[in-house]
Protein chains: 2
Amino acid sequence: MGITSSQVRQDFSSFGGYGLQRYGYDVESLHQEIGNILGLNTIRNMIIIGAGSLGQALAKHKEFEKKGFKVIAIFDVKTELIGQKITEHEIRHLDSLPHFLENNQVDIAILTIPENFGREVAAYITELGIKAIWNFVPIELKTPDDVIVENIHLIDSLMVLGYNLKHKRRE
Amino acid sequence: MGITSSQVRQDFSSFGGYGLQRYGYDVESLHQEIGNILGLNTIRNMIIIGAGSLGQALAKHKEFEKKGFKVIAIFDVKTELIGQKITEHEIRHLDSLPHFLENNQVDIAILTIPENFGREVAAYITELGIKAIWNFVPIELKTPDDVIVENIHLIDSLMVLGYNLKHKRRE
DNA sequence: TAGATTGTTAATCGATTAACAATC
DNA sequence: TAGATTGTTAATCGATTAACAATC
């Protein structure tokens, strides 16, 4: 992974000692422990907001659930999409979100909507009590202090790649 | 964007001076200049390897081309996918890649294949002369020194979000 | 000229790496 | 006990922030 042994030990020790001097680490229990730290043993319910091709692709992705991240609903505003089925989920209208939240625990909202709706929808869902956003919209969301945002900015990543390609620089 | 004015000036000055003291920056020409640095005015031809839902979603994404990143072909190995149309592109068999490369300039390969094929396919395409990989496979690719890799590790990002959520920490 | 803002140097901060003592 | 490897302290490195002189 391009990481030094020093860094590995340094990082592990932030969370406590997991190894046995002289013998090394027990891979099985270390793996388990890291999973605990990351909270992989608890199930997180996620909703997808924006049922475009990216939103649909994420809904179909199977790897997330294996790590405890479960998609429980998909929302959009386009009437032609409402009712359509993606995997086992019918696309719901965003207007039904407040009602949905009353009856379901939602831990994370995945934002895969067009750029121009980004701020508006982010404000809407945080007002409804969403505390974590996985943001695929290429903008910096301004959210209340207690809301956690994790960004996936695809175009930024691609531009970094383009820059490195132009300047022939690795990573 | 949560960046200090110091950092902005520091970063700009790495590439030269673009501002006028006392007056500030001319946004239009600065924007143009940053585009030049990132190479946004040159067109990059990209191919998608792996026509699953994620690969298809990226093919349909319109924002990349606006920044000069153009998808010119999609490859897979699943026979039932070959010939199927995604936007204007027919899905081609990966075996036809060498022939395709003889007749087309490819700057970037987008890897959206299952994890277990990651290393094998990366080795295959770098051997064929691909110099840049936008890697969506959740592994660290080992590639020759002159190959540029930019990773999008979705599950890592999601786990970071999960961690921050558990420990109630912002960004 | 006076003043606002850039460009640049210096200080600070945090993360990575190195060194080494603790210990199983 | 001897030696290998962890855990931790110290050194290094790079990036961010602060300070300020240059200048339009």
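Just so it is clear, the values below take in all heavy atoms, side chains as well, and ignore hydrogens, waters and symmetry mates. Please read all numbers here as calculations on a predicted model, not as lab measurements. Chain A is the first sequence line, chain B the second, and so forth, proteins listed ahead of strands; every chain is numbered from 1.
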Identify each donor-acceptor pair in which a side-chain atom of residues 74-83 of chain A lies under 3.5 Å from a protein atom, sequence neighbours left out, and give them as a table.
unit_1, atom_1, unit_2, atom_2, d
A/Asp76, OD1, A/Lys78, N, 3.1
A/Asp76, OD2, A/Ala51, N, 2.6

Checklist outcome for this item: Whole-Å distance, B/Phe15 CZ to C/dT8 P, equals 14 Å
Checklist entry - Think B/Tyr25 has a side-chain N or O under 4.0 angstrom from the OP1 or OP2 of D/dC24? => result no
Item to check | Partners meeting salt bridge (charged side-chain N to carboxylate O under 4.0 Å, His left out) with A/Lys60 (sequence neighbours left out) | outcome: none
Next on the checklist: Tell me whether A/Asp11 contacts the main-chain N or O of A/Phe15 through its side chain, where contact means a donor paired with an acceptor under 3.5 Å.
Outcome noted: no
Checklist outcome for this item: Here the distance between atom P of D/dG7 and atom CD of A/Glu33, to the nearest Å, is 12 Å
Next on the checklist: One thing to verify: whether B/Asp107 and B/Lys131 come together as a salt bridge, which I'm taking to mean a side-chain N less than 4.0 angstrom from a carboxylate O.
Outcome noted: no
Checklist entry - Does anything in residues 34-62 of chain A pair up under ring pair (Phe, Tyr, Trp, His ring centres under 6.0 Å), and if so which pairs, sequence neighbours excluded? => result A/His61-A/Phe64
Next on the checklist: My understanding is that only residues two or more places apart in sequence, or in another chain, count here; which of them pass salt bridge (charged side-chain N to carboxylate O under 4.0 Å, His left out) with A/Lys67?
Outcome noted: none
Checklist outcome for this item: Note: contacts of residues 5-12 of chain A with DNA chain D (heavy atom, under 4.0 Å) are A/Arg9, A/Gln10
Checklist entry - Quick one: stems for DNA chain D, with Watson-Crick or G-U pairs under 3.5 Å, at least three in a row? => result C:3-24 with D:3-24
Item to check | Euclidean distance, atom CD1 of residue B/Ile3 to atom C1' of D/dT16 [Å, nearest integer] | outcome: 11 Å
Next on the checklist: For a quick test of reading the model: is some side-chain N or O of A/Thr4 closer than 4.0 Å to OP1 or OP2 of C/dT17?
Outcome noted: yes
Checklist entry - Are any side-chain N or O atoms of A/Thr112 and backbone N or O atoms of A/Leu54, one a donor and one an acceptor, separated by less than 3.5 Å? => result no
Next on the checklist: Are the side chains of B/Ile86 and B/Ile48 in contact, using a 4.5 Å heavy-atom criterion?
Outcome noted: no
